Number of protein chains: 2
Amino acid sequence: MYSGSMSTSDRLIESTRELLWERGYVGTSPKAILEHAGAGQGSMYHHFRGKPDLALAAIRRTAEEMRAAAEGVLGSPGSPYERIEAYLRRERDVLRGCPVGRLTMDPDVIASDELRAPVDETLAWLRGRLAALVEEGKEQGQFAPALDSGEIASAILATVQGGYVLARASGSPAAFDTAVRGLLALLAPLG
Amino acid sequence: MYSGSMSTSDRLIESTRELLWERGYVGTSPKAILEHAGAGQGSMYHHFRGKPDLALAAIRRTAEEMRAAAEGVLGSPGSPYERIEAYLRRERDVLRGCPVGRLTMDPDVIASDELRAPVDETLAWLRGRLAALVEEGKEQGQFAPALDSGEIASAILATVQGGYVLARASGSPAAFDTAVRGLLALLAPLG
DNA sequence: GTCTATATTGGGATAGAC
DNA sequence: GTCTATCCCAATATAGAC
């Protein structure tokens, strides 16, 4: 399943990431992970204390990757609005959902402060990053000065997360794009 | 767990609704449902063909109830903006998530056209209802005529669904309210 | 209609050989 | 470090008594 240059531990983490994205924490069994990774029971319990420990490693890696991907778009050249638009319109595997956001619907993830932490931190970071951009846009006269940057950032992030929900409900990525276009229309720069 | 005036079948459905909301489809076992409903295996397999059949009955009931609740707010007197605002600000069990929307993150629900249908229909209905209100608001000069009603409706619905995600990630209902305030600021009536 | 077996498979983990 | 054997309990369903 993976290139031979990957350690067993890495293969386990990568397999867990895939399955968590596909089926969530509750729907992912150690057995499924082992089959996907082509490893035996012993390997997993040698490298990790158990399912929660392995899931934590997987979630952390997914969170880091997502931050990097978002920063790649939000940190690009362009006006604040353009960068927010680029983030909203960026290529996504819409029907698979957000690999970080979907974890919030997992009861066992939410019940564990350790597992929830990287999810919370990632979304909080994204919100802060967006808020800074909105603030910058306000200073440049691109957005109305009366807007609260934090609130707008939250609305942007919520639209993305909710866009996944609408897309998966309808079975079509178009639902995501429609919501994004609606938000962008409301957000459109002054003048 | 339930008043004695409820039939076994109803108790099973109500128990399933609670557990689906709390733990999702994958995380809800027939055994847990039976214990919650105070019924035996036989009862469940007498009234329903199995877990998917019972879940379908539960999801349909939840979907209907949600439509009724939304219509109660969206159909109230007031201007289009006021009614949309009332919908967005309405009392919600934010940290429990949306009992309909959360099902989109359930792999087994999405894999089944039958289980997904009531979810899709409910969100589509809500979107249509919101779009009609936006259209009305445009006619009354409350919203900019250039806005696409369907897109705005999608953005509103996505903000709500995403608001649940942000709230559950942070462990606080405030995150939901912040996103809603941001959207309302962007949506604020002309003049 | 409801109950109690019973069956089969899987979830999650430990033990100990190699 | 990795493997197989084993354990115990849960998931989902069927059979048949009452």
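Worth knowing before you read on, the calculation uses all heavy atoms, side chains too, and leaves out hydrogens, waters and symmetry mates. A note on names: the letters A, B, ... follow the listed sequences, proteins ahead of strands, and every chain is numbered from 1. Keep in mind it's a predicted model, so treat the numbers as computed, not measured.
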*Asks:* Output one line per pair: protein atom, nucleotide atom from nucleotides 6-8 of chain C, and distance, for all N/O pairs under 3.5 Å.
*Replies:*
none

*Asks:* Residues of residues 45-57 of chain B with any non-hydrogen atom less than 4.0 angstrom from an atom of DNA chain D: list those, numerically ordered, please.
*Replies:* B/Y45, B/G50, B/K51
*Asks:* Is the shortest side-chain heavy-atom distance between B/L183 and A/L186 below 4.5 Å?
*Replies:* yes
*Asks:* Output the rounded distance in Å from CD1 (B/I33) to C1' (C/dT2).
*Replies:*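 For the pair B/I33 CD1 and C/dT2 C1', the rounded distance is 17 Å.
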*Asks:* Please tell me which of A/K31 and A/G42 maps to the more 5' nucleotide of DNA chain C, matching each residue to the nucleotide holding its nearest heavy atom.
*Replies:*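 The answer here is A/K31.
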*Asks:* Starting at CE of B/M44 and ending at C1' of C/dT4, how long is that distance when rounded to a whole Å?
*Replies:* 16 Å
*Asks:* So does A/E114 have more than 12 non-hydrogen atoms from other groups sitting under 6.0 Å from CD?
*Replies:* no
*Asks:* Are the side chain of A/D106 and the backbone N or O of A/V109 linked by a donor-acceptor pair below 3.5 Å?
*Replies:* no
*Asks:* If you measure only the distance, is there a donor-acceptor pair under 3.5 Å linking the side chains of A/Q142 and A/S79?
*Replies:* yes
*Asks:* Side-chain contact test, heavy atoms from C-beta onward, threshold under 4.5 Å: evaluate it for A/M66 versus A/C98 and give yes or no.
*Replies:*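 Result yes, sub-4.5 Å side-chain heavy-atom pair found.
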*Asks:* Measure across B/R102 and B/R168 and return the closest heavy-atom pair with its distance rounded to 0.1 Å.
*Replies:* NH2-NH2, 4.5 Å
*Asks:* May I ask you to say what B/S9 touches in the nucleic acid, namely base, sugar-phosphate or nothing, with a heavy-atom cut-off under 4.0 Å?
*Replies:*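 Nothing, no heavy atom under 4.0 Å.
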*Asks:* Answer yes or no: is there a side-chain heavy-atom contact under 4.5 Å between A/L103 and A/I110?
*Replies:* no
*Asks:* Could you work out which one of D/dT12, D/dC3, C/dT2 sits closest to the side chain of B/S43?
*Replies:* C/dT2
*Asks:* Mind checking whether B/T62 and B/T122 have side chains closer than 4.5 Å, heavy atoms only?
*Replies:*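 A side-chain contact is absent here, since even the closest heavy-atom pair is not under 4.5 Å.
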*Asks:* Would you say B/T8 reaches C/dG1's phosphate, i.e. side-chain N/O to OP1/OP2 under 4.0 Å?
*Replies:*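 Checking C/dG1 against B/T8, no side-chain N or O comes under 4.0 Å of OP1 or OP2.
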